[in-house]
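The residues of the chain are indexed from 1 along the displayed sequence. Computed over heavy atoms, backbone and side chain alike; hydrogens, waters and symmetry mates excluded.
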Amino acid sequence: VQLQASGGGLVQAGGYLSLSCAASGSTVGMYFMGWYRQAPGKERELVAGIWNNGNTKYADSVKGRFTISRDNAKNLMDLQMNSLKPEDTAVYYCNAQTVVVIDGRAREYNYWGQGTLVTVSS
């Protein structure tokens with residue numbers, strides 16, 4: 001699976017940005033897509049994720065401000081980020097997780113796109 005992320009950039013606090021991620025390749029079995037972020041000196045963390053069935057998960061810090069969506073047919077995922085704060089500044093990574101059955105055994109794979117920088121100025 002190849003992941004191509006786009007979006008990001010520089011915005012003032014209170015503003016908004018959107019990120020998009022397009023998946024290609026062997027996307028059969030891709031049951032989860034999500035956005036992670038990593039700020040300088042911090043560990044990578046899950047920002048928002050969405051499963052095939054539409055269930056979503058958000059970090060507490062972004063609930064009510066960020067919205068994740070997904071087009072399963074087109075293998076596209078978007079993250080709408082509103083009311084951005086300086087602490088949202090980070091490199092954001094697109095992630096996809098797949099499961100493949102090989103010889104009767106389920107194997108999970110984890111894929112990452114290139115990071116895209118989001119900078120929120122105060």
Side-chain angles (χ1 to χ4, degrees):
V1 174
Q2 294 80 45
L3 301 173
Q4 182 66 47
S6 60
L10 173 64
V11 66
Q12 288 188 334
Y16 62 91
L17 284 174
S18 63
L19 303 179
S20 293
C21 179
S24 61
S26 300
T27 58
V28 174
M30 189 170 65
Y31 64 92
F32 174 87
M33 294 186 76
W35 288 98
Y36 287 73
R37 68 185 180 188
Q38 188 166 19
K42 294 187 177 181
E43 293 186 354
R44 191 173 296 188
E45 63 173 353
L46 175 66
V47 176
I50 185 167
W51 282 265
N52 275 358
N53 62 5
N55 287 347
T56 58
K57 180 179 182 178
Y58 294 92
D60 288 342
S61 59
V62 307
K63 284 180 181 177
R65 300 188 297 121
F66 290 11
T67 302
I68 191 169
S69 61
R70 179 177 173 182
D71 185 330
N72 289 333
K74 297 181 179 179
N75 292 319
L76 296 174
M77 175 182 61
D78 292 324
L79 183 69
Q80 179 65 40
M81 305 182 291
N82 297 328
S83 302
L84 283 162
K85 304 176 180 180
E87 50 264 42
D88 294 318
T89 295
V91 177
Y92 285 69
Y93 297 91
C94 174
N95 171 264
Q97 297 174 22
T98 68
V99 60
V100 179
V101 177
I102 300 175
D103 296 329
R105 298 180 63 180
R107 300 185 181 188
E108 295 189 357
Y109 296 88
N110 203 22
Y111 299 93
W112 296 94
Q114 86 283 11
T116 184
L117 179 62
V118 171
T119 304
V120 184
S121 63
S122 58

Candidate pair Tyr16 and Val11, rule side chain to side chain contact (heavy atoms under 4.5 Å, CB included), full reasoning: CA-CA 7 Å; Tyr16 62 91; Val11 66; over 6 Å; no
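- Listed by first and then second residue, the ring pair (Phe, Tyr, Trp, His ring centres under 6.0 Å) pairs involving residues 100-122 are Tyr36-Trp112 (not counting sequence neighbours).
- Counting all heavy atoms, side chain and backbone alike, Ala5 lies closest to Cys94 at CB-CB, 4.4 Å.
- Atom CE of Met33 and atom CG of Asp71 lie 10.5 Å apart (nearest 0.5 Å).
- Annotation for Leu79 and Ala48: closest pair CD1-CB, 4.0 Å, computed over non-hydrogen atoms.
- Under the salt bridge (charged side-chain N to carboxylate O under 4.0 Å, His left out) criterion, Arg37 pairs with Glu45, Asp88, not counting sequence neighbours.
- Between the side chain of Ser83 and the backbone N or O of Arg65, no donor-acceptor pair lies under 3.5 Å.
- Among residues two or more places apart in sequence or in another chain, the ring-ring contact (aromatic ring centres under 6.0 Å, His included) test is passed with Phe32 by Trp51.
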Val118 and Leu19: CA distance, side-chain angles, deciding distance, side chain to side chain contact (heavy atoms under 4.5 Å, CB included) verdict: CA-CA 9 Å; Val118 171; Leu19 303 179; 4.1 Å; yes
Residues Leu76, Asp78; criterion side chain to side chain contact (heavy atoms under 4.5 Å, CB included); working and verdict: CA-CA 7 Å; Leu76 296 174; Asp78 292 324; 5.5 Å; no
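- Environment of OH in Tyr31: crowded, with over 12 heavy atoms of neighbouring residues, nucleotides or ligands closer than 6.0 Å.
- Between the side chains of Gln80 and Asn82, a donor-acceptor pair is found at a separation under 3.5 Å.
- For the atom pair Leu46 CG and Lys57 NZ, the distance stands at 6.0 Å (nearest 0.5 Å).
- In this structure, Leu3 and Gln114 approach most closely via the heavy-atom pair O-OE1, 3.6 Å.
- Cluster annotation: Trp35 is not connected to Tyr93 through the hydrophobic network of ILVMFWY side chains, with a link wherever side-chain heavy atoms come within less than 4.5 Å.
- Looking at Asn72, its side chain does come within 3.5 Å of a backbone N or O of Asn52 through a donor-acceptor pair.
- Across every non-hydrogen atom of Ala23 and Val1, the tightest pair is CB-CG1, 4.3 Å.
- The side-chain hydrogen bond (donor to acceptor under 3.5 Å, both in side chains) test applied to Arg44 returns no partner, not counting sequence neighbours.
- Residue Arg107 holds its CZ atom at 5.0 Å from CD1 of Ile102, rounded to the nearest 0.5 Å.
- Nearest heavy-atom pair, Asp60 versus Lys63, reported as atom, atom and distance to 0.1 Å: OD1-NZ, 3.1 Å.
- A donor-acceptor pair is defined here as one N or O able to donate and one able to accept, closer than 3.5 Å; such a pair exists between the side chain of Thr89 and the backbone of Pro86.
- Residue Gln12 holds its CD atom at 9.5 Å from OG of Ser122, rounded to the nearest 0.5 Å.
- In this structure, the separation between CE on Met81 and OG on Ser18 is 7.0 Å, given to the nearest 0.5 Å.
- Side-chain contact check for Glu87 versus Ser61: every heavy-atom pair is 4.5 Å or farther apart.
- Residues satisfying the side-chain hydrogen bond (donor to acceptor under 3.5 Å, both in side chains) test with Thr56, not counting sequence neighbours, are none.
- The ring-ring contact (aromatic ring centres under 6.0 Å, His included) check on Tyr58 picks up nothing, with sequence neighbours excluded.
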